[in-house]
Asks: 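This is the structure I have questions about; it appears just below.
Everything numeric here is computed off the predicted structure, so don't read it as measured data. Every heavy atom of this structure was used, including side-chain atoms; hydrogens, water molecules and symmetry mates were not.
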Amino acid sequence: MAVISGGVGFGSERGEIHSSEWPEEPLARMGEVFDYSQWKLVWEDEFDYPEEELETNWTFQNGPSHSFVLCSRWRENASLKDGVLYLTNRKESRGGQDWTSASLWTKKRFKYGYYEARYKYAGADGTNNSFWLMPMGWRPKEHKWVELDINEGHYPNEINTNIHNWTDRWEEDGKEKHWDDPKPYHLGLAKSPIFTEVFGEGVKAEKVRLRVENGSRLIVKEFRVFPVSEAAYPQESEWKPGSGLRNLVAQEGVRVRASEGIRRESVKTRPENAIDGKVGTSWLSAIEGEKWLEVDFGKEVEVGAVQFVNGWTKGERWKGLLDRHGIEVFREGKWVEVAQFDSTLGNDFSKTWNTFGLMWNEERHDIYFNGRLIRSIPNEWNHSETNILLSLAILKNGIAGQVTDAIDGTSMKVDWVRYYQLK
């Protein structure tokens, strides 16, 4: 699964392209605006009709889902209101699963052309808000059976795009063979793995804690606390003594504690890894439950800045970076929040409409976000015509973030779906 996080438009000072298989086509094409003048609209659903007419264009899943989807999906979880299609999550036991949601696909089949949908995400971690293509209810005989994920969106602003060749994944006897996802991709905010919060005249504290409001795992490579100083705080991932700054967590007698780690007995779960002065070691939290890391100085100190290095690297790219966290200090017998960071502000896709598109022809698949090209993939498999799907799901194992009761009642909202062909 590939990720686009941040929701920043091209031309923004904060936008940067990241990819593990970059480039598939020259970078010069990225950001290219889709030219509607070359295309004609041949099919659309604006959802501006009575709800009972949904079955005219769409077929619905009515039953349980496969292993990593925690919800069964039903026609009753889809509704229309004021020209908008609502796919709604509910916490209820049905079909042998503890949640319900909705998934539907077109009765009509499509092939080459431009596909797009305008929708909002369900406003909770753990949800998968999908616009995708796949043959449904039939098996291609002369062409490849391929899944095209135009977007599997994760709250608040992640876009996942991928291609899965299912024909080559299965042997003739129906048993799954080893198969690697061939098209991982990442486009995201150009945010640093280093976060520094400066307190100016200083903050008194006996303990300092990093607290995370993040749906997935917390990965801390280094956690540092500096006294008030006129010298610049380090911005590079490596910090070495002798710079005129003292890292207060390196003092004798400082203790470190943390919430549950990824595996109780693993060396990767040791909180000490976060204060050993080495960015090559890490502390990894569990996916579920509270996530925090704290240092106890054993006495009151004056804090001028708190800094941490988070995430992990794949090649030259940083991944798994925090988007929401708080810094707290313990003094006079209680915890006090002194800083809060939320990179999702202004980029919450459950509150803003966004358009996701795919141009598919004999040569390539071009994926668009709000009318601008974000990815171009060669068409290697000569795959079959396909159905269009709109699906909301709740995923296990932190794939889309932590699953909590906050999901109950949230909806993926679809304004329209359109299909164009070249004039």
Asks: With under 30° as parallel and over 60° as perpendicular, where do the rings of Tyr115 and Phe110 fit, or are they tilted in between?
Replies: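 Judged by the thresholds at 30° and 60°, the geometry between Tyr115 and Phe110 is perpendicular.
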
Asks: Quick check: closest heavy atoms across Ala406 and Ala124, and the distance to 0.1 Å?
Replies: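 So the minimum-distance heavy-atom pair works out to O-CB, 3.8 Å.
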
Asks: Main chain of Trp105, side chain of Asn387: is a donor-acceptor contact present, judged purely on distance under 3.5 Å?
Replies: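 Not confirmed, Asn387 side chain does not pair with Trp105 backbone.
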
Asks: Could you tell me whether Arg109 sits above the aromatic face of Trp138, with NZ or CZ closer than 6.0 angstrom to the six-membered ring centre and within 45 degrees of the axis?
Replies: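 Judged by the rule, Arg109 and Trp138 form a cation-pi pair.
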
Asks: From the options Trp353, Phe131, Phe47, select the one residue that forms a side chain to side chain contact (heavy atoms under 4.5 Å, CB included) with Val414.
Replies: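 Checked Trp353, Phe131, Phe47 against Val414; only one passes side chain to side chain contact (heavy atoms under 4.5 Å, CB included): Phe47.
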
Asks: Any side-chain to backbone donor/acceptor pair from Lys413 onto Ser411? Under 3.5 Å, distance only.
Replies: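 Yes; judged by distance alone, with no hydrogens or angles, the pair exists.
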
Asks: Any donor-acceptor pair under 3.5 Å linking the side chain of Asn62 with the backbone of Arg73?
Replies: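 Absent.
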
Asks: When you compare the side chain of Val306 with that of Phe223, does any pair of heavy atoms fall below 4.5 Å?
Replies: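 Answer yes - side chains close enough.
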
Asks: Do Glu294 and Arg211 meet the salt-bridge criterion of a basic N to acidic O distance under 4.0 Å?
Replies: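 Salt bridge absent between Arg211 and Glu294.
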
Asks: Check whether any side-chain N or O of Ser282 sits under 3.5 Å from a backbone N or O of Leu284 as a donor-acceptor pair, and report yes or no.
Replies: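 No, Ser282 side chain to Leu284 backbone: no donor-acceptor pair under 3.5 Å.
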
Asks: Quick one: OG on Ser259 to CZ on Arg209, what's the gap to the nearest 0.5 Å?
Replies: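 If we round to the nearest 0.5 Å, Ser259:OG and Arg209:CZ are 10.0 Å apart.
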
Asks: I'd like to check the salt bridge (charged side-chain N to carboxylate O under 4.0 Å, His left out) partners of Lys91; sequence neighbours left out, ordered by chain and number.
Replies: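 For Lys91, the residues satisfying salt bridge (charged side-chain N to carboxylate O under 4.0 Å, His left out) (neighbours in sequence not counted) are Asp405.
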
Asks: Show the nearest heavy-atom pair for residues Phe60 and Ala78, with the distance to one decimal.
Replies: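 Scanning both residues, the minimum pair turns out to be CE2-CB, 3.6 Å.
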
Asks: Determine, step by step, whether Arg75 and Glu55 satisfy the side chain to side chain contact (heavy atoms under 4.5 Å, CB included) criterion, reporting the C-alpha distance in whole Å, the side-chain angles of both residues, the deciding distance to 0.1 Å, and the verdict.
Replies: CA-CA 10 Å; Arg75 167 64 179 87; Glu55 280 80 4; 2.5 Å; yes

Asks: With distance as the sole test, does Ser350 use its side chain to make a donor-acceptor pair with the main-chain N or O of Gly123 at under 3.5 Å?
Replies: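 No, because the side chain of Ser350 does not come within donor-acceptor range (under 3.5 Å) of the backbone of Gly123.
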
Asks: Can you tell me how far the CZ atom of Arg375 sits from the CG atom of Asn162, to the nearest 0.5 Å?
Replies: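 Rounded to the nearest 0.5 Å, the CZ-CG separation comes out at 6.0 Å.
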
Asks: Return yes if some donor-acceptor pair links the side-chain N/O of Glu152 with the main-chain N/O of Ile159 below 3.5 Å, else return no.
Replies: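 Between the backbone of Ile159 and the side chain of Glu152 there is no qualifying donor-acceptor contact (under 3.5 Å).
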
Asks: When Tyr112 is tested against each of Trp360, Tyr420, Trp39, Tyr419 for ring pair (Phe, Tyr, Trp, His ring centres under 6.0 Å), which residue passes?
Replies: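 Result: among Trp360, Tyr420, Trp39, Tyr419, Trp360 is the only option passing the ring pair (Phe, Tyr, Trp, His ring centres under 6.0 Å) with Tyr112.
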
Asks: Just by modelled atom types, is the Phe330 backbone N or O under 3.5 Å from a matching donor or acceptor in the Glu328 side chain?
Replies: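 No: the side chain of Glu328 does not pair with the backbone of Phe330.
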
Asks: If you draw a 6.0 Å radius around CD in Glu290, do more than 12 non-hydrogen atoms from other residues or ligands fall strictly inside?
Replies: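 Counting neighbours around CD of Glu290, 12 or fewer heavy atoms of other residues, nucleotides or ligands fall under 6.0 Å, so no.
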
Asks: Please examine the side chains of Glu44 and Glu46, heavy atoms only from C-beta on, and report whether any two atoms are closer than 4.5 Å.
Replies: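 Yes, side chains in contact.
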
Asks: Would you say the side chains of Thr88 and Asn77 form a donor-acceptor pair under 3.5 Å?
Replies: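 Absent: no donor and acceptor within the cut-off.
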
Asks: Do Leu54 and Leu85 come within less than 4.5 Å of each other through their side chains, counting heavy atoms only?
Replies: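 Leu54 vs Leu85: side chains touch.
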
Asks: Report the residues that fulfil side chain to side chain donor-acceptor pair (under 3.5 Å) with Asn361, sequence neighbours left out, ordered by chain and then residue number.
Replies: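 So Asn361 forms no side chain to side chain donor-acceptor pair (under 3.5 Å) with any residue.
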
Asks: Are any non-hydrogen side-chain atoms of Glu147 and Trp132 less than 4.5 angstrom apart?
Replies: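 Result yes, sub-4.5 Å side-chain heavy-atom pair found.
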
Asks: Among Tyr155, Tyr119, Tyr121, whose ring pair (Phe, Tyr, Trp, His ring centres under 6.0 Å) with Phe349 holds?
Replies: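 Only one option passes, and that is Tyr121.
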
Asks: To the nearest 0.5 Å, what is the distance between CG on Asn89 and CD1 on Ile394?
Replies: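 One gets 4.0 Å once the value is rounded to the nearest 0.5 Å.
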
Asks: Does Glu76 pair with Arg94 as a salt bridge, N-O distance under 4.0 Å?
Replies: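 Result for this pair is yes, salt bridge flagged.
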
Asks: Under 3.5 Å, side chain of Asn310 to main-chain N/O of Pro193, donor-acceptor pair present?
Replies: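 Yes, the answer is positive, given that a donor and an acceptor are paired below the 3.5 Å cut-off.
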
Asks: More than 12 heavy atoms of other residues, nucleotides or ligands under 6.0 Å from NZ of Lys111: yes or no?
Replies: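 Atom NZ in Lys111 is packed in, count exceeds 12.
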
Asks: Once you round to the nearest 0.5 Å, how far does CG of Asn128 lie from CG of Leu70?
Replies: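 Atom-to-atom, Asn128:CG and Leu70:CG are 11.0 Å apart.
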
Asks: Is atom CD of Glu363 surrounded by more than 12 heavy atoms (other residues, nucleotides or ligands) closer than 6.0 Å?
Replies: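 No, CD of Glu363 has 12 or fewer neighbouring heavy atoms, counting only those of other groups under 6.0 Å.
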
Asks: Quick one: does any side-chain atom of Glu337 pair with a main-chain N or O of Gly326 as donor and acceptor, under 3.5 Å?
Replies: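 Judged by distance alone, no pair lies under 3.5 Å.
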
Asks: Could you state the interatomic distance from OG1 (Thr106) to CG (Leu133), rounded to the nearest 0.5 Å?
Replies: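 Answer rounded to 0.5 Å: 8.5 Å.
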
Asks: Would you please say whether a donor-acceptor pair under 3.5 Å links the side chains of Asn129 and His154?
Replies: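 Short answer, no.
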
Asks: For Lys144, give me all partners under salt bridge (charged side-chain N to carboxylate O under 4.0 Å, His left out), at least two apart in sequence or on another chain.
Replies: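 Only Asp168 meet the salt bridge (charged side-chain N to carboxylate O under 4.0 Å, His left out) criterion with Lys144.
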
Asks: Is it true that, when you exclude Lys351 itself, more than 12 heavy atoms of the residues, nucleotides or ligands shown sit nearer than 6.0 Å to its NZ?
Replies: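 Result for NZ/Lys351: open.
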
Asks: Side chains of Glu92 and Thr100: is there a donor and an acceptor less than 3.5 Å apart?
Replies: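 Side chains of Glu92 and Thr100: pair found under 3.5 Å.
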
Asks: With a 3.5 Å distance limit and no angle check, can you tell me whether Ser101 reaches the backbone of Leu392 through a side-chain donor-acceptor pair?
Replies: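 Indeed, once roles are kept as given, a pair shorter than 3.5 Å links the two residues.
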
Asks: When you look at Ile327 and Leu210, which way does the side chain to side chain contact (heavy atoms under 4.5 Å, CB included) test go after all the steps?
Replies: CA-CA 5 Å; Ile327 302 293; Leu210 167 64; 4.0 Å; yes

Asks: Does His383 reach the side chain of Leu148, with side-chain heavy atoms less than 4.5 Å apart?
Replies: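 Side-chain contact under 4.5 Å: yes.
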
Asks: Would you mind reporting whether Ile377 and Ile367 have side-chain heavy atoms less than 4.5 Å apart?
Replies: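 Yes - at least one pair of side-chain heavy atoms lies under 4.5 Å apart.
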
Asks: Is any NZ, NE, NH1 or NH2 atom of the basic residue among Lys204 and Glu332 found under 4.0 Å from an Asp or Glu carboxylate oxygen of the other?
Replies: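 A salt bridge is absent here (no side-chain N lies under 4.0 Å from a carboxylate O).
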
Asks: Return the CG to CG distance between Asn57 and Leu104, rounded to the nearest 0.5 Å.
Replies: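 One gets 10.0 Å once the value is rounded to the nearest 0.5 Å.
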
Asks: Using 30° and 60° as the class limits, which term best fits the ring planes of Tyr36 and Phe34: parallel, tilted or perpendicular?
Replies: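 The arrangement is perpendicular - the two ring planes meet at more than 60°.
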
